[in-house]
Amino acid sequence: MRIATWNVNSVRARLARLEAWLAEARPDVVLLQETKCQDEQFPREPLEELGYQIASFGQKTYNGVAILARQRIEGVELGLGDERFDAEARVISAQVGEYLVASVYAINGQEVGQPRYHDKLAWYASLRARLAERFPLSEKVVIGGDLNVTRDDLDVYDPRAWHEKILCSTSERAALGAVLELGYADGLRHFHPAGGVYTWWDFRTRAFERGNKGLRIDYLLLSPPALATCNAVEVDLDARRGAKPSDHAPVVATLA
DNA sequence: ATGGTGGCGAGGCCA
């Protein structure tokens with residue numbers, strides 16, 4: 001069983017890359033973020049032809065999350081159950097076989113201290129409450145997403161440049177830490193404890209091409225039973241190379 | 001401090 005998370009930065013703009021990646025990597029479950037389209041615009045047919053069922057929670061222009069799975073997707077739930085945030089399509093969850101999975105796209109926050117930064121911290125508290133209420137840690141839970149926070153400086157190519165900047169501030173890291181403290185393992189860090197493994201590289205500074213000047217802001221969070229069956233978590237850097245990539249690379253967990 | 005690129009959708013917003 002392989003479960004992946006990938007911020008594709010528009011599922012329509014990325015369709016050819018997504019199709020090629022699915023055909024080659026053949027993950028069993030894919031948790032997508034930033035699909036950037038309404039559900040009726042979601043390119044279902046070409047992905048169904050590759051053998052995937054689809055559950056999507058989209059909106060016009062921004063955000064959007066989805067679950068692709070090679071087996072039945074059941075019990076789909078949308079949002080956090082929090083009216084302050086559910087106008088934005090940022091969370092979808094479902095049962096896929098023995099796994100309870102969620103695809104999560106955290107608020108970016110724009111800049112430390114800005115209104116959206118405070119929204120982000122409030123959103124994180126809501127996410128934590130939702131997980132505590134609806135995601136039993138005794139189950140095999142896998143939460144994948146662009147969480148838009150580095151866990152610590154091991155996730156930052158240049159910690160001095162990013163010190164207390166957006167994605168790296170102490171309060172954001174504490175908000176993510178409070179989610180992990182529910183009892184989730186940080187899958188990628190678990191298998192790469194030394195850090196230096198990144199998942200996002202800024203287009204604007206050509207941060208990938210200039211030499212892996214990235215951050216790790218994408219996660220696979222594993223409940224204890226999921227961690228117990230997990231053999232590896234890796235970043236697929238090939239998906240960040242070549243023509244028309246997303247600015248994020250997929251993260252893939254291999255589970256027994 | 002600013003701007004750099006990319007996506008959406010048709011000018012500016014967001015990342």
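- Relative ring orientation between A:Trp200 and A:His248 is described as tilted, the plane-to-plane angle lying within the 30° to 60° band.
- Among residues at least two apart or in separate chains, side-chain hydrogen bond (donor to acceptor under 3.5 Å, both in side chains) pairs with a member in residues 166-185 of chain A are A:Tyr117-A:Ser169, A:Lys120-A:Glu172, A:Thr150-A:Arg173, A:Asp153-A:Arg173, A:Glu164-A:Thr170, A:Ser169-A:Glu172.
- Rounded to a whole Å, the CG atom of A:Asn63 is 10 Å from the C1' atom of B:dA15.
- Taking atom NZ of A:Lys213 as the reference point, atom C1' of B:dG4 lies 15 Å away to the nearest angstrom.
- Counting to the nearest Å, the P atom of B:dA15 and the CD1 atom of A:Ile107 are 9 Å from each other.
- Geometrically, A:Arg90 does not engage A:Phe85 in a cation-pi contact defined by less than 6.0 Å to the ring centre and at most 45° from the axis.
- When the P atom is used for both B:dG11 and B:dT2, the distance is 26 Å, rounded to whole Å.
- Going from the C1' atom of B:dG6 to that of B:dA1 covers 22 Å, rounded to whole Å.
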Begin with the C-alpha distance, continue with both residues' side-chain angles, and end with the deciding distance and a verdict on side-chain contact (heavy atoms from CB on, under 4.5 Å) for A:Leu18 and A:Val11. CA-CA 8 Å; A:Leu18 177 59; A:Val11 69; 3.8 Å; yes
Under 3.5 Å, which donor-acceptor pairs link side chains of residues 123-132 of chain A to any protein atom two or more places apart or in another chain?
| residue | atom | partner | partner atom | Å |
| --- | --- | --- | --- | --- |
| A:Tyr124 | OH | A:Leu147 | O | 2.6 |
| A:Ser126 | OG | A:Asp82 | OD2 | 2.7 |
| A:Arg128 | NE | A:Ala178 | O | 3.1 |
| A:Arg130 | NH2 | A:Glu77 | OE1 | 3.0 |

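- Residue pairs meeting the salt bridge (charged side-chain N to carboxylate O under 4.0 Å, His left out) criterion with at least one partner in residues 136-148 of chain A, sequence neighbours excluded, are A:Glu98-A:Lys140.
- Both A:Glu111 and A:Glu34 lie near DNA chain B, and the one whose nearest nucleotide falls closer to the 5' end is A:Glu111.
- Along DNA chain B, the nucleotide nearest to A:Trp200 and the one nearest to A:Arg204 differ in position, and the one closer to the 5' end is contacted by A:Arg204.
- Contacts between residues 156-168 of chain A and DNA chain B, defined by a heavy-atom separation under 4.0 Å, are absent.
- Taking atom P in both B:dG9 and B:dC14, the straight-line distance is 14 Å, to the nearest Å.
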Which protein N or O atoms sit under 3.5 Å from an N or O of nucleotides 7-13 of chain B?
| residue | atom | partner | partner atom | Å |
| --- | --- | --- | --- | --- |
| B:dG7 | OP1 | A:Arg14 | NH1 | 3.1 |
| B:dG7 | OP1 | A:Arg14 | NH2 | 3.2 |
| B:dG7 | OP1 | A:Lys244 | NZ | 3.4 |
| B:dG7 | O3' | A:Ser10 | OG | 3.3 |
| B:dC8 | OP1 | A:Ser10 | OG | 2.5 |
| B:dG9 | OP1 | A:Thr61 | OG1 | 3.2 |
| B:dG9 | OP2 | A:Arg12 | NH2 | 3.4 |
| B:dC13 | O2 | A:Tyr62 | OH | 3.3 |

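- Applying the salt bridge (charged side-chain N to carboxylate O under 4.0 Å, His left out) rule to A:Asp158 yields no partners; only residues at least two apart in sequence or on another chain are considered.
- Residue A:Tyr117 contributes atom OH, which lies 17 Å from atom C1' of B:dA15 at whole-angstrom precision.
- In this structure, a donor-acceptor pair under 3.5 Å is present between the side chains of A:Asp39 and A:Ser56.
- Among the candidates A:Glu34, A:Gln33, A:Lys36, the single residue satisfying the side chain to side chain donor-acceptor pair (under 3.5 Å) test with A:Asn9 is A:Lys36.
- Counting any heavy atom pair closer than 4.0 Å across all strands shown, A:Phe208 reaches no nucleic acid atom.
- Nucleotide B:dA15 holds its P atom 15 Å from the CG atom of A:Leu147, rounded to whole Å.
- Rounded to whole Å, atom C1' of B:dA15 lies 8 Å from atom NE2 of A:His248.
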